[in-house]
Amino acid sequence: MPHRVCATEPHRDLIAYGEILGRQAGQGPIEPKKLIVPMLERFIATDRGFAKARRLLPKGEVAKERP
């Protein structure tokens, strides 16, 4: 049984998204696990509220990367 990346409905949406994105690029379907990180990176990079809040935090208060 494959490991589920997320809940059933969002998982189905990610599968459909990967199929459509792959088709538009002239490729096969893109697996959900390969879509999640780029989608989150883009979301965070374009979230103005997050960027503003992050700028307002004192330098030492920004979350550090975990190993």
Side-chain angles (χ1 to χ4, degrees):
M1 185 160 140
H3 176 68
R4 285 290 163 115
V5 177
C6 55
T8 304
E9 190 170 333
H11 187 256
R12 277 193 297 254
D13 289 343
L14 281 170
I15 289 171
Y17 189 86
E19 288 174 356
I20 292 166
L21 194 62
R23 191 177 310 135
Q24 289 175 341
Q27 304 171 0
I30 300 169
E31 295 179 51
K33 65 183 178 184
K34 292 183 179 181
L35 294 170
I36 294 170
V37 171
M39 291 172 84
L40 284 173
E41 288 173 341
R42 180 164 174 86
F43 174 77
I44 290 170
T46 60
D47 186 326
R48 290 181 182 174
F50 173 70
K52 182 179 180 181
R54 193 174 205 181
R55 282 192 306 273
L56 296 174
L57 283 176
K59 286 221 180 247
E61 250 185 84
V62 176
K64 293 181 181 172
E65 192 173 318
R66 294 183 182 181

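Keep in mind that what you see is a predicted model, and the values were worked out from it rather than measured.
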Members sharing Ile15's hydrophobic cluster (side chains within less than 4.5 Å): none
Whichever hydrophobic residues join Phe43 through chains of side-chain contacts under 4.5 Å: Ile44, Phe50
Same cluster (ILVMFWY, side-chain, under 4.5 Å), Ile36 and Met39: yes
Single-linkage hydrophobic cluster, 4.5 Å side-chain cutoff, Leu40 and Tyr17 together: yes
Distance in Å, Glu19 CD paired with Gln24 CD, rounded so as to fall on 0.5 Å steps: 12.0 Å
Smallest separation among heavy atoms of Leu35 and Leu14, with atom names: CD1-O, 3.6 Å
